[in-house]
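What you see is a predicted model; the values in this text were computed from it and never measured.
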Amino acid sequence: MEATSKNERTRPSEIVRTEARALLELAIRLDGPMTQPFARAVELLAEAAGRGNRVIVLGMGKSGLIARKIAATLRSTGTPAHFLHPAEALHGDLGMITPGDVVVALSASGETEELLALLPALARMGSALVSLCGAGGSTLAQASAVWLDASVGTEAGALNLAPTASTTVMLALGDALALEVSRQRGFAAGEFAELHPGGRLGRRLARVSSLMHTGEALPQVAADTVMTQVIHEMSHKRLGMTTVVGDVGRLLGVISDGDLRRLLERDAAGAMAHTAGEIMNAKPVTIAPEAFASEALTLMEARKITSLIVVGAQGEALGVVHLHDLWASAG
């Protein structure tokens, strides 16, 4: 019976619930007693980044792994940050810290030996110290300009030993800190895109201008172009459409495969006698070159179309972006 009871207490679902409760308690503290300390920590980090300094994140063991992730999140959201291993800092890497940098130190107990050994040096360097730890009376918390309460009632699991709920809370607190600093600094989607040029996320944030068919690959005809030449242009460029342009490349309209089918249905005998200007759609859906690939994909799926005309500030046709390009790039 005792073994069964112990197994019940350590079910995977209960481990997750323990961590979820710790996160809920953290959220309650952020709305209550931690409101002012958290705001002050955000202010320190934002001010450092604003004057060209960095955030240096410290942590040992499991806290060190979380510190690395927090530093990465700060960097990816526009706040210069680096992880510094406390033991390496004691043997020369302290030179990474420059005047004006803010130090964020992680320790569940607040008594991590390697971190405490750095406190005199940090004080001499004049670095503001923000601590994420679970004990407000600890040496680390007391030495900090700001202490953020990362305490938990219990770790997950029957033994209550392995860092689990405590590291989860530190991670969530670090995410909240990074994202609030980013928000206050006015970090925009365009800047985020610049920092994420690779991988699936980078492709999703690619600009339409980098994906569009342009130059010789852009299908285009004049308004007085006869249908045989319109069809040739559409077939040659293989996008299932063509733009119709006027003087200096100004977009007048678009002709799609669907427009051709509808022309044949209503005027099969005289279809080839028409010109591009007579059958074009004069109000095509367009998009700006600086728009994101994800925006273009959303627009095309909502309008149930396969191509978007990319237009410049003066209404000139710059290129065409096709749905297949966006499936590959913005998914």
Within this structure, what is the [atom1]-[atom2] distance for the pair [X] and [Y], rounded to the nearest 0.5 Å?
X      : Y      : atom1 : atom2 : answer
Ser63  : Ile70  : OG    : CD1   : 9.0 Å
Leu260 : Met234 : CG    : CE    : 4.5 Å
Arg29  : Asp31  : CZ    : CG    : 11.5 Å
Glu155 : Ser166 : CD    : OG    : 3.5 Å
Leu84  : Asp101 : CG    : CG    : 10.5 Å
Phe83  : Ile66  : CZ    : CD1   : 11.0 Å

Inset, instruction - For a side-chain contact (heavy atoms from CB on, under 4.5 Å) with Val104, tell me which candidate from Leu58, Leu45, Ile56 qualifies. - result: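 That would be Leu45.
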Legend entry - side-chain contact (heavy atoms from CB on, under 4.5 Å) partner of Val103, the single match among Leu118, Leu129, Val130: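 The residue from Leu118, Leu129, Val130 that satisfies side-chain contact (heavy atoms from CB on, under 4.5 Å) with Val103 turns out to be Leu129.
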Where do [X] and [Y] come nearest, in terms of heavy atoms and distance?
X      : Y      : value
Leu106 : Ala67  : CD2-N, 3.8 Å
Leu239 : Ser307 : O-OG, 3.8 Å
Ala117 : Pro120 : O-CD, 3.6 Å

Compute whether any side-chain donor of one residue and acceptor of the other, for [X] and [Y], lie under 3.5 angstrom apart.
X      : Y      : answer
Glu180 : Gln184 : yes
Arg21  : Thr18  : yes
Glu290 : Ser209 : no
Glu19  : Thr168 : yes
Thr79  : Arg75  : no

Output yes when [X] and [Y] qualify as a salt bridge under the 4.0 Å nitrogen-oxygen rule, no when they do not.
X      : Y      : result
Arg11  : Glu14  : no
Lys237 : Glu233 : yes
Arg250 : Asp247 : no

Legend entry - side chain to side chain contact (heavy atoms under 4.5 Å, CB included) partners of Val311, counting only residues at least two apart: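 Applying side chain to side chain contact (heavy atoms under 4.5 Å, CB included) to Val311 gives Leu251, Thr286, Ile309.
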Legend entry - Other residues, nucleotides, ligands: >12 heavy atoms within 6.0 Å of Arg238 CZ: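 Atom CZ in Arg238 is not crowded, with 12 or fewer foreign heavy atoms closer than 6.0 Å.
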Inset, instruction - Decide if atom NZ of Lys62 counts as having more than 12 heavy atoms of other residues, nucleotides or ligands within a radius under 6.0 Å. - result: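 Not more than 12 within 6.0 Å, no.
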Inset, instruction - Please step through side-chain contact (heavy atoms from CB on, under 4.5 Å) for the pair Ile305 and Met300, ending with a clear verdict. - result: CA-CA 5 Å; Ile305 56 178; Met300 293 168 75; 4.2 Å; yes
Inset, instruction - For residues Met34 and Leu26, determine if any side-chain heavy atom of one lies less than 4.5 Å from a side-chain heavy atom of the other. - result: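 Side-chain contact under 4.5 Å: yes.
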Inset, instruction - Answer whether the closest heavy-atom distance between the side chains of Thr243 and Val320 falls below 4.5 Å. - result: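 A side-chain contact under 4.5 Å exists here.
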Inset, instruction - Using side chain to side chain donor-acceptor pair (under 3.5 Å) as the criterion, list what pairs up with His274, not counting sequence neighbours. - result: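 Testing His274 for side chain to side chain donor-acceptor pair (under 3.5 Å), a comparison that skips the adjacent residues, returns Asp267, Glu278.
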Legend entry - Stepwise salt bridge (charged side-chain N to carboxylate O under 4.0 Å, His left out) test for Glu43 and Arg40: CA-CA 5 Å; Glu43 182 181 25; Arg40 177 55 181 156; 2.8 Å; yes
